[in-house]
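Numbering of residues begins at 1 and proceeds along the displayed sequence.
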Amino acid sequence: MIVTIPTSTPYSEADVPLFDEHPLNELDQKAHTILGDKVVIKALAQQAAFQGLPRYVSEYLIAKFVKPETWKENLAKMQATVKELLPDLDHRELVKERLLSKGEVTLIDNVDAKIDLRGGQRFARVPTLQDSKVRVSPGLMEQHPGLLLGGLWGTVKIKYTPEIDAENPNELASFTPFQIGPPDLNFYREKRSQFTTDEWMALLLQSAGYSPAAFPERRTRLLLLTRLVALVERNANVMELGPRQTGKTFLLRNVSPRVFTISGGKTTPANLFVNLSTKAVGILGTRKVVVFDEIAHTTFGDEDATISTLKDYMESGQFSRGSMVFAADAGLVFAGNIDVDGNQPHPRYKHLFEPLPTQLIDSAFQDRMHAYIPGWEMPKITSAAVGKGVGFVTDYFGEVLVRLREDNHADRVRDVPLREGLTRRDQTSIERLGSGLVKLIYPDGKLTDAELLEVVTLACELRQRVHNQLCILAPGEFKPKLIAPVSVEKHMAPDLAK
């Protein structure tokens, strides 16, 4: 149902044109009233003005600079600024020419930094200039530590000063990041209590880029939100195989810059763990989630060493290279395609790991997987499924989810008695998945016994699907059993013995 802004809200009649063009439904209006500048109308971020920018950057700019009473003028100015400062690939040489002739240039770019201990210098990588050795002052690095943690989008001023360093003539003179400050988790938790569970789940989906109306069933919404568990829960290992175009990595790609996606291709111990030549820590140590997309087409350099190290990491949260040992909390997500027959995997598969690369079809590797999301239950993503209403500003939302890692609801999950015969890995899986879902849906920790049972049952089902495949892969080691709360007789991934 479409409603207008009532006169009791803090918005004036001058705001009406924005909401006429982007009308708010009841939940949109409620979110706008309660959450204020923490939310944004998602349709505005889909404007062509922001092509070339990640969505979390577009929404940051909209939330900061677009006002309801002058929204079209604000968007036009932003479009012109982005076009000027974010050049197309074929214009990069013109940018270098401007830098050379004028001595400085201002850009919008995704900048990251590295420390050169041998040379005692700090260098930034500025993709537009194709320069990975832009000098950075200690003060600027201290002011923006995010440059060392995977990089930041922002407005960057580069100065050309070959008189200081002829080999590395470019200098990062200033940097203004496109991100909010640390989010107030207490505010986030407190506001949760003003929404029903159904409203909150819909708001989360809208915040992640989905239209809740396209996914009316509660189970579908729960499964979609499970895709975010690896972001809120440390060291969660999740697999999802499903049909094409179901958005298996859509949520994670769009929600947070702390997520790194490997889309097929080759990965090596150097880029994943540690580069022994440079001593640089790889993506597992610098990101919160590593997504192996198109996993069927992923290859692993130094295969035995990479898979062995991954196994150790999935079990312990540590990895070693040479004499160096590192602890990390990045979750691993393995996503890929599986053929279906109707709304189930095609019966030709002997087990549900079959579409994976041969080296990953290993019981020791798969037993470390906490969840197998049934991607075949997910509908295909269409234009109608893309969120256009009110949701959390993506940058804010992504940072909140990462900081929720500090919470732990495993003790609450353990309050639900489970059936006998579960292994320690089964229990760990259920605790991590259950705790992650509680953080997402009930961040204030307030949920009924029935809601807790629903969360734990889903966590059991996702682990059950892993166990069922292990029974097929290694029947001598893994025997059929029901992974479920004592009060649950069956779920959507039933015991193979039944």
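- Counting heavy atoms of neighbouring residues, nucleotides and ligands inside a 6.0 Å radius, atom CD of Glu142 does not exceed 12 of them.
- For the residue pair Thr70/Asn74, the side-chain donor-acceptor check at 3.5 Å is satisfied.
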For this session: Give the intermediate values and the outcome of side-chain contact (heavy atoms from CB on, under 4.5 Å) for residues Leu224 and Phe215.
Result: CA-CA 9 Å; Leu224 286 170; Phe215 309 96; 3.7 Å; yes
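- At least one donor-acceptor pair closer than 3.5 Å links the side chain of Ser137 to the backbone N or O of Leu140.
- Of the possible polar contacts, one joining the Ser316 side chain to the Gln318 backbone as a donor-acceptor pair under 3.5 Å is found.
- Between the side chain of His409 and the backbone N or O of Val438, no donor-acceptor pair lies under 3.5 Å.
- A donor-acceptor pair under 3.5 Å links the side-chain atoms of Ser256 to the main chain of Arg258, judged by distance alone.
- A heavy-atom distance below 4.5 Å is found between the side chains of Leu231 and Val255.
- Atom NZ of residue Lys159 and atom OG1 of residue Thr106 lie 10.0 Å apart, to the nearest 0.5 angstrom.
- Taking the salt bridge (Lys or Arg N to Asp or Glu O under 4.0 Å) definition, one finds that Asp329 meets it with Arg234, Lys288, Arg405, sequence neighbours left out.
- The closest donor-acceptor contact from the side chain of Asn25 to the backbone of Asp28 lies under 3.5 Å.
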For this session: Report the C-alpha distance between Asp407 and Arg189 in whole Å, list the side-chain angles of each, state the deciding distance to 0.1 Å, and finish with yes or no for salt bridge (charged side-chain N to carboxylate O under 4.0 Å, His left out).
Result: CA-CA 12 Å; Asp407 295 351; Arg189 295 187 187 101; 3.0 Å; yes
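- A 4.5 Å side-chain heavy-atom check between Thr268 and Phe300 finds every atom pair outside the cut-off.
- Under the 4.5 Å side-chain criterion, counting only non-hydrogen atoms from C-beta, Leu352 is not in contact with Val466.
- Taking the ring axis of Phe187 as reference, the NZ or CZ atom of Lys38 stays within 45° of it and closer than 6.0 Å to the ring centre.
- For Trp200 (side chain) and Leu440 (main-chain N/O), a donor-acceptor pair under 3.5 Å exists by modelled atom type.
- Judged purely by atom type and a 3.5 angstrom limit, Arg92 has no side-chain atom pairing as donor or acceptor with the backbone of Val95.
- Using a 4.0 Å cut-off between charged side-chain N and carboxylate O, Arg244 and Asp339 make a salt bridge.
- Legend: residues meeting side-chain contact (heavy atoms from CB on, under 4.5 Å) with Asn168, ordered by chain and number and at least two apart, are Phe123, Lys133, Arg135, Asp165.
- Here Glu73 does not pair with Lys67 in a salt bridge; the nearest charged N to carboxylate O distance is not below 4.0 Å.
- Using a 4.5 Å cut-off on side-chain heavy atoms (C-beta onward), Leu204 and Leu225 make contact.
- Legend: residues meeting salt bridge (Lys or Arg N to Asp or Glu O under 4.0 Å) with Arg368, ordered by chain and number and at least two apart, are Glu315.
- Contact check for His32 versus Leu24: side-chain heavy atoms found under the 4.5 Å cut-off.
- Remark: Lys114 NZ is loosely packed, at most 12 non-hydrogen atoms of other residues, nucleotides or ligands lying under 6.0 Å away.
- Every residue was checked against the ring pair (Phe, Tyr, Trp, His ring centres under 6.0 Å) condition with Tyr442, not counting sequence neighbours, and none meets it.
- Leu129 has its side chain within reach of Leu99: a pair of non-hydrogen atoms, C-beta onward, lies under 4.5 Å apart.
- Ala113 and Leu148 make their closest contact through O-CD2, 3.5 Å (heavy atoms, listed as atom of the first residue, atom of the second, distance).
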Problem set entry | salt bridge (charged side-chain N to carboxylate O under 4.0 Å, His left out) assessment of Asp362 paired with Lys311 | CA-CA 10 Å; Asp362 171 78; Lys311 285 181 186 177; 3.1 Å; yes
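- No donor-acceptor pair under 3.5 Å is formed between the side chain of Gln245 and the backbone N or O of Lys380.
- At least one donor-acceptor pair under 3.5 Å links the side chain of Arg432 to the backbone N or O of Asn235.
- In this structure, the side chains of Lys248 and Arg227 come closer than 4.5 Å at one or more pairs of heavy atoms.
- Side-chain atoms of Asp444 and Tyr188 include no donor-acceptor pair closer than 3.5 Å.
- Between Phe334 and Phe365, a ring centre-to-centre spacing shorter than 6.0 Å is recorded.
- Looking only at side-chain heavy atoms (C-beta outward), Leu356 and Phe292 stay at 4.5 Å or farther from each other.
- By the 30° and 60° cut-offs, the orientation of the rings of Phe273 relative to Phe319 is tilted.
- The number of heavy atoms from other shown groups lying within 6.0 Å of NZ (Lys388) is above 12.
- A distance of 9.5 Å separates CD in Glu240 from OG1 in Thr226, rounded to the nearest 0.5 Å.
- A donor-acceptor contact under 3.5 angstrom links the side chains of Thr128 and Asp109, judged on distance only.
- Ring planes of Phe175 and His144: perpendicular class, angle over 60° (limits at 30 and 60°).
- Counted by atom type alone, Glu233 and Ser435 present one or more donor-acceptor pairs between their side chains at under 3.5 Å.
- In this structure, a donor-acceptor pair under 3.5 Å is present between the side chains of Lys42 and Thr394.
- With sequence neighbours left out, the ring pair (Phe, Tyr, Trp, His ring centres under 6.0 Å) criterion links Phe250 to Tyr210.
- Scored by the salt bridge (Lys or Arg N to Asp or Glu O under 4.0 Å) test, Glu199 finds Lys30 as partners (sequence neighbours excluded).
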